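Quantities reported herein were computed from a predicted structural model and do not represent experimental measurements. Values reported hereafter were calculated over all heavy atoms of this structure, with side chains retained and with hydrogens, waters and symmetry mates removed.
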Amino acid sequence: PQYEIAKLPEGYAEVESERIELPGQVNIVYRNRETGQTMYLDYAQISQGGVSDFGILKDSKIIPVMVNGLDGQFFGGADSESEWNTVTWIDPDSQLQFSVDAPLDKMDILNIAESVSLPESTK
């Protein structure tokens, strides 16, 4: 399936030339044309022996969250507005793990995560 962020922050657009599609995994890059800031949407099929890793700094916060009713985790820095933060969650129905990485605060990144969906044309 071809998921996307439906509610991108103002100024962000997908950088199609940087999209990576591998068997069982997709990595999408979004960039703000004015600021050059980047964010990522990654999703991968859950498989036996598969693993997703996240860089965790010693002062990182790991907070349980809900994304559209699904259990997830927020990985945030001490200064969550200037550091990279990640929210990740698993959709057991689709057997996919999603993550959104961005230099945004917890509420902004959660709102973005909740907008991840299949485009209307593929639903």
**OP:** Identify, with sequence neighbours excluded, every residue that meets side chain to side chain contact (heavy atoms under 4.5 Å, CB included) alongside Leu8.
**Re:** Ile5, Tyr12, Tyr30, Met39
**OP:** For ring pair (Phe, Tyr, Trp, His ring centres under 6.0 Å), just list the numbers for Trp84 and Tyr40, CA-CA rounded to whole Å, side-chain angles, deciding distance to a tenth of an Å, and then say yes or no.
**Re:** CA-CA 11 Å; Trp84 279 87; Tyr40 302 92; 5.8 Å; yes
Original post:
What do the steps show when you test Val100 against Thr86 for side chain to side chain contact (heavy atoms under 4.5 Å, CB included), and what is the final call?
Top reply: CA-CA 6 Å; Val100 175; Thr86 300; over 6 Å; no
Subject >> Trace of the side chain to side chain contact (heavy atoms under 4.5 Å, CB included) decision for Leu96 with Tyr3 >> reply: CA-CA 11 Å; Leu96 293 171; Tyr3 287 85; 3.5 Å; yes
Subject >> Member of Asp42, Asp91, Thr88 meeting the side chain to side chain donor-acceptor pair (under 3.5 Å) criterion with Gln97 >> reply: Thr88
**OP:** Using the test side chain to side chain contact (heavy atoms under 4.5 Å, CB included), find all partners of Asp71 that sit at least two apart in sequence or belong to another chain.
**Re:** Met66
Original post:
Does Phe74 reach the side chain of Ile109, with side-chain heavy atoms less than 4.5 Å apart?
Top reply: yes
Original post:
By side-chain hydrogen bond (donor to acceptor under 3.5 Å, both in side chains), which residues pair with Ser115, not counting sequence neighbours?
Top reply: none
**OP:** Would you please test Ile46 and Ile90 for side chain to side chain contact (heavy atoms under 4.5 Å, CB included) and show each step?
**Re:** CA-CA 9 Å; Ile46 300 169; Ile90 292 174; 3.2 Å; yes
Original post:
Looking only at heavy atoms, which two atoms of Pro9 and Leu104 are closest? And how far apart?
Top reply: CG-CD1, 4.5 Å
Subject >> Residues which pass side-chain hydrogen bond (donor to acceptor under 3.5 Å, both in side chains) with Asn111, listed by chain and number, not counting sequence neighbours >> reply: none
Original post:
Can you tell if the side chain of Asn85 reaches within under 4.5 Å of the side chain of Asp101, non-hydrogen atoms only?
Top reply: no
Original post:
Quick one: does Pro103's side chain get under 4.5 Å of Gln37's, heavy atoms only?
Top reply: yes
Subject >> Rounded distance [0.5 Å steps], CG in Leu70 versus CH2 in Trp89 >> reply: 9.0 Å
List the atom pairs, donor and acceptor, that lie under 3.5 Å between side-chain atoms in residues 17-24 and the rest of the protein, sequence neighbours left out.
from: Glu18; atom 1: OE1; to: Arg31; atom 2: NH2; distance (Å): 3.3
from: Glu18; atom 1: OE2; to: Arg31; atom 2: NH1; distance (Å): 3.0
from: Glu18; atom 1: OE2; to: Arg31; atom 2: NH2; distance (Å): 3.4
from: Arg19; atom 1: NE; to: Glu21; atom 2: OE2; distance (Å): 2.8
from: Arg19; atom 1: NH1; to: Glu14; atom 2: OE1; distance (Å): 3.4
from: Arg19; atom 1: NH1; to: Glu14; atom 2: OE2; distance (Å): 2.8
from: Arg19; atom 1: NH2; to: Gln2; atom 2: OE1; distance (Å): 2.6

Original post:
Taking only residues two or more places apart in sequence, or in another chain, which ones meet Glu4 in a side-chain hydrogen bond (donor to acceptor under 3.5 Å, both in side chains)?
Top reply: none
Subject >> Separation of Ile63 CD1 from Lys106 NZ (nearest 0.5 Å) >> reply: 4.5 Å
